[in-house]
Colleague: 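Here you go, one structure.
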Amino acid sequence: GSNVLRMSSDIQIKPKTAAQKSKTSSPLTCSPEPAIKPQPKPSDKLNPKTIDPFGAYSRPTSAFAATYAKGGIPCRLVHGSVKHKLQWECLPATVPFDPLLVTLAEGLRETKHPYTFVSKEGFKELLLVEGAAEKAIPLLPRLVPVLKATLAHADDGVFERGLDALVQLSAVVGPSLNDHLKHLLTNLSRRLMDKKFREKVTVTLQNLEQYGGKATVAIIKSKIPTYCSI
């Protein structure tokens, strides 16, 4: 009788231990699945944002970039074998300067291709058309603040484009720029202390004097006393 009890007790214990093993083992086999499944979900949401190739273009940094993205600049970049050039949809002489010249000036602060080339070359070519002075002079109150911001930019390439644009504008409008010149000289004076730009800034000042006349010298010296007249 005792043997039967022992056998029955063994039989009873074995199913219990088997059941306990299945109970304890079942969470171990299932737990990795719920632990793994939620992990890809946040990454699925985050990854498209971090690798979105259109992200940079969805937030234009200037009026020029926004206008360019909408096709509002009537010229496009043509890749040449030697150098790039602009192709205008219509003759530059027929394009209204207001607001295009100001918009192109805004684009001088861009640092990405093709904005950099289109803005610089477009600004230059627009000022070369016949009667450019009559069209550009009324825009000086709006152009000068834009050029001031360009000359204050930390990027060296942007600053150099600002210098070139200032000389081009001065060559067209002449003494008309003198009334606005003081607003631009502070940033030129600051860069004049940089050996890297000393010569280029000096040449720019000389060009301003050449195109602006004798009155320009006094204006330059009021902000840059060390300037030597040509």
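The shown structure was predicted, so the numbers you read here are calculated from the model rather than taken from an experiment.
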Colleague: Flag yes if Leu188 and Phe197 sit in one hydrophobic cluster, no otherwise; membership is Ile, Leu, Val, Met, Phe, Trp, Tyr, and two members link when side-chain heavy atoms are under 4.5 Å apart.
Modeller: yes
Colleague: Going hydrophobic residue to hydrophobic residue with side-chain gaps under 4.5 angstrom, can you get from Leu139 over to Val129?
Modeller: yes
Colleague: Tell me every residue that passes ring pair (Phe, Tyr, Trp, His ring centres under 6.0 Å) with Phe97, counting only those two or more places apart in sequence or in another chain.
Modeller: none
Colleague: Would you please name every residue forming a salt bridge (Lys or Arg N to Asp or Glu O under 4.0 Å) with Asp164, sequence neighbours left out?
Modeller: Lys120, Lys200
Colleague: Which value, rounded to the nearest 0.5 Å, describes the distance between Glu199 atom CD and Thr204 atom OG1?
Modeller: 10.5 Å
Colleague: Please report the interatomic distance OG(Ser119) to CD1(Ile73), rounded to the nearest 0.5 Å.
Modeller: 9.0 Å
Colleague: Where the side chain of Arg161 meets the backbone of Glu110, is there a donor-acceptor pair that is under 3.5 Å apart?
Modeller: yes
Colleague: Is a side-chain donor or acceptor of Lys148 paired with a backbone partner of Asn187 at a separation under 3.5 angstrom?
Modeller: no
Colleague: Establish whether Leu177 and Val167 are linked, either directly or via other cluster members, by ILVMFWY side-chain heavy-atom contacts under 4.5 Å.
Modeller: no
Colleague: What is the distance from atom NZ of Lys196 to atom CG of Asp156, rounded to the nearest 0.5 Å?
Modeller: 3.5 Å
Colleague: Please tell me if the side chains of Leu151 and Phe159 come closer than 4.5 Å, counting only heavy atoms from C-beta onward.
Modeller: yes
Colleague: Is there a donor-acceptor contact under 3.5 Å from the side chain of Lys221 to the main chain of Tyr227?
Modeller: yes
Colleague: Would you call the rings of Tyr115 and Tyr68 parallel, tilted or perpendicular, taking 30° and 60° as the class edges?
Modeller: perpendicular
Colleague: First locate atom NZ of Lys124, then atom CG of Leu104, and finally report the distance between them rounded to the nearest 0.5 Å.
Modeller: 14.0 Å
Colleague: Search all heavy atoms of Leu126 against all heavy atoms of Pro92 and return the closest pair with its distance.
Modeller: CD1-O, 3.8 Å
Colleague: Distance from Lys223 atom NZ to Leu192 atom CG, nearest 0.5 Å?
Modeller: 15.0 Å
Colleague: Is it true that a side-chain atom of Glu209 and a backbone atom of Ile230 form a donor plus acceptor pair closer than 3.5 Å?
Modeller: yes
Colleague: Report the residues that fulfil salt bridge (Lys or Arg N to Asp or Glu O under 4.0 Å) with Asp194, sequence neighbours left out, ordered by chain and then residue number.
Modeller: none
Colleague: Considering only heavy atoms from C-beta outward, does the side chain of Thr216 approach that of Leu205 to under 4.5 Å?
Modeller: no
Colleague: Is there a side-chain contact between Leu86 and Phe117, using heavy atoms and a 4.5 Å cut-off?
Modeller: yes
Colleague: How about CD on Gln210, more than 12 heavy atoms from neighbouring residues, nucleotides or ligands closer than 6.0 Å, or not?
Modeller: yes
Colleague: Do you know the tightest heavy-atom contact between Ala133 and Pro138?
Modeller: O-CD, 4.4 Å
Colleague: Contact between Glu121 and Lys85 at the side-chain level, heavy atoms closer than 4.5 Å - yes or no?
Modeller: no
Colleague: Report yes or no: do Val118 and Leu147 belong to one cluster of Ile/Leu/Val/Met/Phe/Trp/Tyr joined by side chain heavy-atom distances under 4.5 Å?
Modeller: yes
Colleague: Is any side-chain heavy atom of Trp88 less than 4.5 Å from a side-chain heavy atom of Thr94?
Modeller: no
Colleague: In the single-linkage hydrophobic clustering (I, L, V, M, F, W, Y; side-chain heavy atoms under 4.5 Å), do Val144 and Val102 co-cluster?
Modeller: yes
Colleague: Please check this pair: side chain of Thr103 against backbone of Pro99, looking for a donor-acceptor N/O pair closer than 3.5 Å.
Modeller: yes
Colleague: Can you check whether Pro141 reaches His180 side chain to side chain, under 4.5 Å on heavy atoms?
Modeller: yes
Colleague: Under a 4.5 Å cut-off applied to non-hydrogen side-chain atoms, are Leu163 and Thr150 in contact?
Modeller: no
Colleague: Output, in order, the C-alpha distance, side-chain angles, deciding distance and verdict of side-chain contact (heavy atoms from CB on, under 4.5 Å) for Lys135 and Leu101.
Modeller: CA-CA 9 Å; Lys135 299 176 182 179; Leu101 189 64; over 6 Å; no
Colleague: Parallel, tilted or perpendicular: which one describes the rings of His79 and His113, with boundaries at 30° and 60°?
Modeller: tilted
Colleague: Measure the SG-CD distance between Cys75 and Gln87 for me, rounded to the nearest 0.5 Å.
Modeller: 10.0 Å
Colleague: Does any non-hydrogen side-chain atom of Arg109 lie less than 4.5 Å from one of Val146?
Modeller: yes
Colleague: Does Asn178 reach the main-chain N or O of Ile219 with its side chain, forming a donor-acceptor pair under 3.5 Å?
Modeller: no
